[in-house]
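It should be emphasised that the depicted structure is a prediction, and the values quoted were computed from it without experimental measurement.
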Amino acid sequence: GWYLGQVADASMNRTDAIPDSGNEGIGDAMNLLLVGSDSRASASEEELAQLNTEANDGVNTDTMILVHVPADGSEASFVSFPRDSFVEIPGYGDHKLNSAYAYGYYEEAGEDATDAERQAAGAQLLIQTISGLTGLSIDHYAEVDLLGFFKLSEVVGGVEVNLCAPVKEANSGVDLPAGVQTISGEQALSFVRQRYDLPRGDLDRIVRQQTFMAGMIRKMLSDNVLLDLGKQRRLVEAAADSLTVDEDLKLLDLAAQMQSVTPDSIRFQTVPNLGTDRDEDAGSIVRLEDEETLRAF
């Protein structure tokens with residue numbers, strides 16, 4: 001495990017994600033921002049077909065989850081932020097939350113910036129936005145794209161879900177029967193991407209994502225993964241290919257802080273909100289609760 005941790009730390013993609021200012025908070029807890037981007041830049045034509053999608057170098061962050069681990073590692077909270085949350089983005093006014101990364105990527109980095117500098121600027125502005133919203137400092141950052149999620153779900157052997165009714169939707173490519181089943185690969189990706197034909201759109205997609213991630217974590221913490229060196233190695237290789245993390249994140253330190261966490265002590269929640277609404281300029285949005293309520297939460 002120590003060896004694989006060293007390999008992962010050495011081979012992981014890194015970005016200068018943590019800003020020097022606009023990211024203040026107190027306490028010894030660890031806060032990690034987990035971001036899912038819609039980029040398919042690393043996917044081949046065959047993989048794009050398998051993923052039921054097209055080439056896209058986009059920088060939209062459609063999944064944003066704040067992972068909070070207390071100093072004693074007793075529990076872990078995963079708080080989802082709807083992509084359409086109407087928030088104040090520092091320097092740009094009120095916009096949908098998933099545009100914060102794009103403003104940083106295209107506007108903050110400058111015209112002559114490299115891709116790496118743009119990626120760092122996008123991550124930093126997103127962190128500043130969520131820090132200002134929550135009153136928390138974000139210690140670490142991890143980003144995964146569509147192909148990366150696909151690979152990680154395959155390595156753990158899929159996740160068990162239970163659908164109340166069959167579902168088939170063309171935009172995401174999801175096509176699953178009702179009942180208990182194990183999904184991975186392209187159907188897992190379709191399952192967490194679907195938002196059309198769901199009663200609450202993106203809010204219901206968040207429930208899908210939380211359900212799948214909870215199942216994936218249970219799988220990773222199970223004996224048949226933790227005690228299987230082959231699966232551990234494949235997981236490390238997939239993570240190294242799939243994840244981009246901040247420059248200071250050490251996987252073994254993260255594991256040490258989470259050593260007391262069990263599947264039963266992991267909670268998935270969504271940031272308090274008033275549901276969907278419309279803004280004259282932004283269109284469909286999600287209204288969050290007032291600042292006092294958010295900070296208390």
Side-chain angles (χ1 to χ4, degrees), residues 34-65 78 80-84 96 98 143-220 222 224-225 231 234-235 237-239 241-243 263 266 268-270 275-276 283-284 286:
L34 178 61
V35 171
S37 79
D38 66 357
S39 174
R40 296 88 150 162
S42 60
S44 66
E45 289 297 326
E46 294 77 14
E47 288 168 331
L48 288 170
Q50 192 175 14
L51 300 180
N52 191 54
T53 190
E54 298 175 346
N56 182 4
D57 297 334
V59 293
N60 286 331
T61 51
D62 286 346
T63 301
M64 289 156 287
I65 299 173
F78 290 67
S80 296
F81 290 79
R83 50 167 270 173
D84 291 340
K96 294 181 182 182
N98 76 330
E143 179 184 323
V144 62
D145 61 18
L146 293 184
L147 182 60
F149 181 88
F150 170 86
K151 290 179 177 178
L152 289 170
S153 71
E154 293 231 300
V155 172
V156 299
V159 167
E160 185 178 280
V161 297
N162 185 4
L163 291 178
C164 300
V167 58
K168 186 173 184 178
E169 195 273 319
N171 289 293
S172 64
V174 66
D175 186 2
L176 296 169
V180 178
Q181 56 207 288
T182 298
I183 59 174
S184 64
E186 60 263 35
Q187 279 304 309
L189 184 60
S190 296
F191 177 79
V192 299
R193 287 182 67 203
Q194 184 189 0
R195 63 189 176 102
Y196 296 103
D197 292 350
L198 295 178
R200 300 186 306 153
D202 191 53
L203 292 175
D204 280 338
R205 176 166 65 171
I206 286 174
V207 175
R208 291 272 190 92
Q209 293 170 348
Q210 292 174 340
T211 299
F212 191 88
M213 285 187 63
M216 185 180 280
I217 291 169
R218 282 194 294 271
K219 258 307 188 49
M220 288 179 174
S222 66
N224 69 340
V225 172
K231 284 186 178 179
R234 291 195 299 275
L235 195 58
E237 290 171 351
D241 286 343
S242 308
L243 290 170
I266 293 172
F268 280 83
Q269 301 168 85
T270 300
T276 56
S284 178
V286 172

Distance in Å, [X] [atom1] paired with [Y] [atom2], rounded so as to fall on 0.5 Å steps:
X      : Y      : atom1 : atom2 : result
Leu235 : Lys219 : CG    : NZ    : 11.5 Å
Phe149 : Arg193 : CZ    : CZ    : 11.0 Å
Asp145 : Thr61  : CG    : OG1   : 13.5 Å
Leu34  : Met213 : CG    : CE    : 5.0 Å
Leu152 : Leu243 : CG    : CG    : 6.0 Å
Asn98  : Met64  : CG    : CE    : 5.5 Å

> Between Asp202 and Arg195, is there a salt bridge with N-O shorter than 4.0 Å?
Replying inline: no

Check: [X] side chain, [Y] main-chain N or O, donor-acceptor pair, under 3.5 Å:
X      : Y      : answer
Glu154 : Ser184 : no
Lys96  : Arg83  : no
Ser190 : Ser172 : yes
Ser153 : Gly185 : yes

> Distance only, no hydrogens: is a donor on one side chain within 3.5 Å (strictly under) of an acceptor on the other, for Gln210 and Ser80?
Replying inline: yes

> Looking at Ala238 and Val155, what are the two nearest heavy atoms and their distance?
Replying inline: CB-CG2, 3.9 Å

>> Restricting to non-hydrogen atoms, name the atom on Thr182 and the atom on Gly157 that form the minimum distance, rounded to 0.1 Å.
In response: CG2-O, 3.7 Å

>> Which residues pass the side-chain contact (heavy atoms from CB on, under 4.5 Å) test with Gln181, not counting sequence neighbours?
In response: Val161, Leu163, Leu176, Pro177, Ile183

> How would you list, by chain and number, every residue that makes a salt bridge (Lys or Arg N to Asp or Glu O under 4.0 Å) with Asp175, sequence neighbours excluded?
Replying inline: none

>> Measuring only between side-chain heavy atoms, which start at C-beta, is Val156 closer than 4.5 Å to Met220?
In response: yes

> Quick one: are Ile217 and Phe78 in side-chain contact, heavy atoms under 4.5 Å?
Replying inline: yes

>> Using the rule given for side chain to side chain contact (heavy atoms under 4.5 Å, CB included), can you reason through Val174 versus Gln187, listing the C-alpha separation, both sets of side-chain angles and the distance that settles it, and then say yes or no?
In response: CA-CA 6 Å; Val174 66; Gln187 279 304 309; 3.9 Å; yes

> In this structure, which one of Lys168, Glu169, Arg208 forms a side-chain hydrogen bond (donor to acceptor under 3.5 Å, both in side chains) with Gln194?
Replying inline: Arg208

